[in-house]
Amino acid sequence: MIPGLPHAAHYMQLPREVLIGSDVAALVGETIGRLGFHGPALVVTGDTVISIAGAMALESLRKQGVKTETTSVQSSTTEEVARVEKRIRELDPDIVVGLGGGKDIDVAKLGSMRAGKSFVSVPTTASHDGIASPLVSMKGLERPYSYVAHSPIAIIADTSIIGKSPYRLIAAGCGDVVAKYTAVRDWKLAHRIKNEYYGDYAAELALMSSRVVMKNASSIRAMSDSGVRTLVEALISCGVAMSIAGTSRPCSGAEHLFSHSLAMIAPKPALHGEQCGVGTIMCAYLHGANWQLIKDFLQTIGAPTTAKELGIGPEYILKALAMAHSIRPERYTILGESGLTKDAALRVATITGVIEQ
Ligand SMILES: [Zn+2]
């Protein structure tokens, strides 16, 4: 929210340019030039990605005559954000480029916002919608879930680089997109029960992303260029849906609360999108919606649909289900205000086959 905004007014912060396709990482320099940034750039990136996409991006910045510094992200923690923010303040670049996986982009997003600089998102993986959204989540923040930082001014998603990332990350991205199926149902419910703001446009955009990804399951599974592109476009649309809504509501409901709970309690949590996918199966059941459709889709993709496939013990699944309503009490969902009883948690997890009877 921005200061001085009248009560009933709605604020949207959207990316200005989005480039998706093979070899677009070579257009980073040109894109920021077109956006009016000519001064120094700070590239915030992980050690492992610099050799893949970084070379292309750095070369394009060099060609553009942009003086560039690089800092490598070690972890997605508040300490790391503080270090990057300090680096940004010292260097005073015109623009920050977040290049890499979700962790690198989250650190660039939050660090740049705190230092008052614009940032460009150059994702090298498609494992969740944070690559395009104004939201960040990381360990050490006061809340275990994501919250609004700022939108990237541009998104440059190179599908040839993303298509070379491990398939597990692509499958996880599908889980994060299909989660919108229940997230939007929760948002509608909160509108009816709590009179919470609800935006049809943002909701439809998020739902459309999940529909399109479900329709293209086999081409995503085959990692075809068009399949990867479909997933990346869906993740970007989800990010835009959140930018339009000004909240993560269209993209994050009870299935996300379940995933955040697992991240807090499981000895070895799975990937965010993997956990959200399994959460979506169970939350679809709770909504009386077609949970089998979600399960079939995730099986086609090759994403986990059971506790065993997540590598998480059934006791943690049940505990996460029972505590999910409590970690963000103001976010009303199908879990209600008091959450699932132990018996109800066991029932939903066994009926949907997430845990064995
Ligand atoms: Zn998510």
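Since this is a predicted model, take the numbers as computed values, not measurements. One-based numbering, in listed order, for ligands and for the atoms of each.
With values rounded to the nearest 0.5 angstrom, T352 atom OG1 is found 6.0 Å from W291 atom CH2.
Not counting sequence neighbours, the partners of H150 by the ring-ring contact (aromatic ring centres under 6.0 Å, His included) test are F119.
The list of ring pair (Phe, Tyr, Trp, His ring centres under 6.0 Å) pairs with a residue in residues 188-242, not counting sequence neighbours, reads H10-Y197, W187-Y198, H191-Y198.
None of T230, V232, L231 except one satisfies the side-chain contact (heavy atoms from CB on, under 4.5 Å) rule with V228; the exception is V232.
Shown here are the protein N/O/S atoms lying under 2.8 Å from the Zn ion (ligand 1), water excluded: D176 OD1, H256 NE2, H272 NE2.
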Please tabulate, for side-chain N and O atoms in residues 316-325, each donor-acceptor pair with protein atoms closer than 3.5 Å (sequence neighbours left out).
| residue | atom | partner | partner atom | Å |
| --- | --- | --- | --- | --- |
| H325 | ND1 | A322 | O | 3.2 |
| H325 | NE2 | S338 | O | 3.3 |

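Placement of L169 and I131 in two distinct hydrophobic clusters is found when ILVMFWY residues are connected by side-chain heavy-atom separations under 4.5 Å, directly or transitively.
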